[in-house]
Amino acid sequence: MLYTMVSLASGQSLCRRDAVISPGWMNFPTGFLWGISTAAHQVEGNNEKNQWSDWERNGRIKTGEKSGLACDWWNNAERDFDLAREMGLNALRMSVEWSRIEPEPNRWDLEAINRYRQMLQGLHRRGIEPMLCLHHFSHPRWFENDSGFLSPTAEEVFERFTRRVVREFGDLCTYWVTFNEPNVFAALGYVLGEFPPGAKGKITTALRILASIARCHERAYRAIHELQPNAQVGWAHNYVIFEPSRRGFPPDNWITRLVNHLFNESFLGIIDEGKSPFPLNFLNGKLRHVKGSCDFVGVNVYSRFHVAFSLRHAPQLFANVFVPADVPQGDRGAEKPYGESYPAAIRLAVERFSRLGKPIYILENGVPDAEDRIRPWLIVNVVKELDRLLAQGTDIRGYFHWTLTDNFEWSEGWGLRFGLVALDSFTQQRTMRPSGHLYSAIAKANGMSLDLAERFAPASVEDSSSDSAF
Ligand code: BGC
């Protein structure tokens, strides 16, 4: 079956000398960004002033672990920057930790600001284009205690932070991501209870949070452009493919559409049309001015889930969202599967985002896979999808893999390993996985040869990317 063959293929390790591939076959446009994405709390280590450190201290990580030193970036991000350069990457997305920069309201930590300046300079010195995210799930404890994005002052406070960051780093950064995955932040924090503050089933609160983040995003977008007219500003959207379990059974189709709307469309609709697909004005407030407030869209795309109508799932709006056993999957989370690894998800997501008429960056894509069983197969098939989309004229400017080095996976702790490079978090030792060598070869060649694809994911292996979904 698929997985055995893939693991045989990826078992061959590709040394740097082998990595030089003949040109031809899939050539990507000049200037295409081959990057990786990270997030401050997952890599920096010793973040103690944000709401996630409280969540960890209160034992809310499913494995009971703490992020600790994480990937030790606060002391030595440069070790991973060197790796990225050696791999031939030309872009890196990271985030700034708001609680380091503004540990108390309107008090700015100049040492922390300096450290971020060093990091950004370090990237430039290595020929790597930085992309900076302002909010990747974590924010200061004081902001959380003041009701976070439900506070009436959230927009003002977020704009103040944004302006400071752009004044400090604007000479070193052109690409800005305001928010990472508002839909995941709202769903996991207010509906599923897996992220702080751990609320469950609060769908209307989640919708209020999304509307508030959309307004914060819009204010940040305008503030960044005021301070840096040539800035490129977007946000990163998590797009999940939901597939009705029984296509001929109307309740499955209805419930799938509802789940898709709640998860994929609620925030996207605000930016796309200036209104929520759930027109509850008393909840959402004014949103019209948010319409079109981005220069690009960042797409984070990982998985497909199947959805079945189920009376037993009343608290989840009667939606049983699951992963069938016989599909490609990475490692399981502590309590449930992570999702089906589905390369065609890229195409379906890009088709939806193209409707916004803006350039697209794939800002996250990957799989938890400690043994590198299917990551090479995923990368090869995703690159094929990108190549097809580019050939059709889609304006895709870059692909950022999640992630470079295994890092602290939020509520899953150290359990899920997404890195192209394996990390021993105790010794901080790094070991490149075969998929790291593969990705490096693709980035260096700005494309992929048939030979390389064949070596890592033989064509004889069933290509699930030709399936249609949703
Ligand atoms: C998040 C990352 C996370 C990754 C893997 C994305 O939704 O932005 O922070 O580590 O998924 O789960």
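Counting starts at 1 for both ligands and their atoms, in listed order. Counting from 1, the numbers follow the sequence of the chain as shown. Bear in mind that the values here come from a model prediction, so they are computed numbers and not experimental data.
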*Who are the side-chain contact (heavy atoms from CB on, under 4.5 Å) partners of Ser95, not counting sequence neighbours?*
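Here the qualifying residues are Ala39, Ala40, Cys133, His136.
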*asked:* Applying side chain to side chain donor-acceptor pair (under 3.5 Å), can you list everything that pairs with Asp80, at least two apart in sequence or on another chain?
replied: Trp73, Thr405, Arg430
*When the ring centroid of Tyr338 is compared with that of Phe418, is the distance short of 6.0 Å?*
yes
_Under 4.0 Å from ligand 1, counting heavy atoms only: the protein residues, by chain and number_ =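 Within 4.0 Å of ligand 1, the protein residues are Gln42, His136, Phe137, Asn180, Glu181, Asn238, Tyr302, Tyr338, Glu364, Trp402, Glu409, Trp410, Phe418.
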*Residues that Arg417 engages under salt bridge (charged side-chain N to carboxylate O under 4.0 Å, His left out), provided they are two or more places apart*: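 With sequence neighbours excluded, Arg417 shows a salt bridge (charged side-chain N to carboxylate O under 4.0 Å, His left out) to Asp406, given in chain and number order.
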*asked:* Do Asn46 and Asn75 pair up side chain to side chain, a donor and an acceptor below 3.5 Å, judged on atom types alone?
replied: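 Looking only at side-chain atoms, Asn75 and Asn46 do not form any donor-acceptor pair under 3.5 Å.
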*Using 4.0 Å as the upper bound for N to carboxylate O, is an ion pair formed by Glu218 and Arg222?*
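Between Glu218 and Arg222 there is a salt bridge, with a charged N closer than 4.0 Å to a carboxylate O.
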